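As structure tokens, the structure follows; a few thoughts come after it.
All of these numbers come straight from a predicted model, not from anything done at the bench.
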Protein chains: 2
Amino acid sequence: MIIGDVAERTGLPAKTIRYYEDIGLITPLRGDNGYRRFRESDVHKLAFLGRARGLGFSIEECRDLLALWEDRARASADVRAIAEEHLRQIGVKIAELSAMKETLSELVHACHGDHRPDCPILNDLAGGRGPLVCGDQATSLEGVVGFTHPA
Amino acid sequence: MIIGDVAERTGLPAKTIRYYEDIGLITPLRGDNGYRRFRESDVHKLAFLGRARGLGFSIEECRDLLALWEDRARASADVRAIAEEHLRQIGVKIAELSAMKETLSELVHACHGDHRPDCPILNDLAGGRGPLVCGDQATSLEGVVGFTHPA
DNA sequence: CTTGACCTTCCTGTGACTGGAAGGACTATG
DNA sequence: CATAGTCCTTCCAGTCACAGGAAGGTCAAG
């Protein structure tokens with residue numbers, strides 16, 4: 001089975017499959033022509049990775065999960081610990097996004113959205129003051145959540 | 001005002017401020033010693049950027065918002081359009097994360113999480129099949145031992 | 001004069017790929 | 001057999017929004 005077939009079967013782009021080999025998640029064989037030759041076990045690993053990535057697990061988490069998957073003697077607690085930590089991170093992100101949504105939603109609602117220049121959204125971003133009306137101020141960005149932006 | 005003061009006042013790291021100059025979001029002056037010299041207007045722009053980034057706007061969205069902020073004749077509708085689009089994207093992201101959370105939460109609850117190896121989480125990621133009980137083997141024995149984790 | 005804190009530029013690395021160029025391999029057709 | 005087209009290979013660069021660090025200049029205090 002060559003990479004194109006595997007891509008079709010797993011739904012993963014060929015580029016991604018090569019990348020997963022690069023970083024050591026899979027180790028397909030090679031044919032005499034230099035083409036990668038995938039066993040069924042490789043395809044299953046890739047399908048596993050596709051699902052885990054689809055649930056938002058990072059590559060490193062996937063690596064751990066894959067190792068646990070291959071370890072017949074693993075404790076399910078180890079798997080659950082990874083999943084719970086990931087679940088917690090998802091919760092944090094949802095909370096951050098919800099806070100953003102709330103604030104932004106209020107601002108959008110307050111903005112009449114017509115041809116006139118007055119805009120509560122910009123006023124808020126400017127710190128509650130009008131545009132370019134520069135006086136002294138002590139900015140308070142202390143409370144801003146350090147949000148890592150999604151892809 | 002030099003970069004350290006600005007960093008303290010805005011809460012933005014000096015690295016970030018330099019980066020914002022690099023990509024043309026701000027254009028501070030320069031002193032005789034080569035140090036950046038920030039006007040109040042620069043500080044206000046940076047505070048604006050900090051808040052906009054805190055609400056999850058991308059750099060390019062920030063660039064647009066900044067341009068609108070400086071345009072006294074802008075229509076508030078233009079600002080609202082950007083905000084609404086961003087709001088929509090946030091909603092999509094929240095929906096995706098919520099779906100992940102839901103699925104993962106079910107799996108975590110189904111997993112007893114003890115020393116035993118049986119794990120619904122891995123079973124699900126494996127596609128409903130058990131671990132490594134995948135049918136065939138390679139026609140060649142070469143590489144069967146495979147799958148060594150690189151550093 | 002030395003120390004140490006600050007500033008400068010430049011280069012590299014991050015995560016998880018994606019796009020593209022250059023070139024070899026395979027398949028089908030004339 | 002030649003050729004066209006599609007697949008495969010490797011390698012390099014780019015993405016986004018910075019962060020880390022090296023090498024070196026500047027400034028105020030002791």
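- An OP1 or OP2 oxygen of D:dC27 is reached within less than 4.0 angstrom by no side-chain nitrogen or oxygen of B:Y35.
- Phosphate contact (OP1/OP2 of C:dG19, side-chain N/O of A:R18, threshold under 4.0 Å): absent.
- Separating the CG atom of A:N33 from the P atom of D:dT10 is a distance of 11 Å, rounded to the nearest angstrom.
- For B:D42 and B:R39, the salt-bridge test passes: some basic side-chain N is under 4.0 Å from an acidic carboxylate O.
- With hydrogens and angles left out, the side chain of A:Y19 and the base of C:dG15 share no donor-acceptor pair within 3.5 Å.
- With respect to A:E60 and A:R53, no salt bridge is recorded, no charged nitrogen being found less than 4.0 Å from a carboxylate O.
- Here the side chain of B:T16 is nearest to one of D:dC18, C:dC17, D:dC8, namely D:dC18.
- Residue-level contact check: B:R37 touches neither bases nor backbone, having no heavy atom under 4.0 Å from any strand.
- To the nearest angstrom, P of C:dG15 lies 13 Å from CD of A:Q89.
- Between B:R36 and the phosphate of C:dC7, there is no side-chain N or O to OP1/OP2 separation shorter than 4.0 Å.
- B:D118 has its side chain out of reach of A:S76: every pair of non-hydrogen atoms, C-beta onward, lies at least 4.5 Å apart.
- For the pair A:L29 CG and D:dT9 P, the computed distance is 13 Å after rounding to whole Å.
- Counting non-hydrogen atoms under 4.0 angstrom, A:I3 reaches the backbone sugars and phosphates but no base.
- Considering only side-chain N and O atoms, A:R53 lies nowhere under 4.0 angstrom from the phosphate OP1 or OP2 of C:dG15.
- When distances are taken from the side chain of A:I2 to each of D:dA19, C:dC17, D:dC8, the shortest belongs to D:dC8.
- Per the geometry, CG belonging to B:D22 stands 15 Å off P belonging to D:dC16, to the nearest Å.
- With DNA chain D read from its 5' end, the first of the two nearest nucleotides for B:K15 and B:I59 is the one closest to B:I59.
- Residue B:I17 contributes atom CD1, which lies 14 Å from atom C1' of C:dC6 at whole-angstrom precision.
- In this entry the distance linking CZ of B:F57 with P of D:dC18 reads 15 Å, nearest Å.
- Using a cut-off of 4.0 Å between Lys/Arg side-chain N and Asp/Glu carboxylate O, A:R9 and A:E40 are scored as salt-bridged.
- Distance CG (A:L55) to C1' (C:dA16): 17 Å, rounded to an integer number of Å.
- Ion pairing of B:E70 with B:R63 is absent here, as no side-chain N (NZ or NE/NH1/NH2) approaches a carboxylate O to less than 4.0 Å.
- Across the protein-nucleic acid pair, A:D5 atom CG and C:dT27 atom C1' stand 14 Å apart, rounded to whole Å.
- Here C:dT18 is the nucleotide among C:dA16, C:dT18, C:dG20 with the atom lying nearest to any side-chain atom of A:P13.
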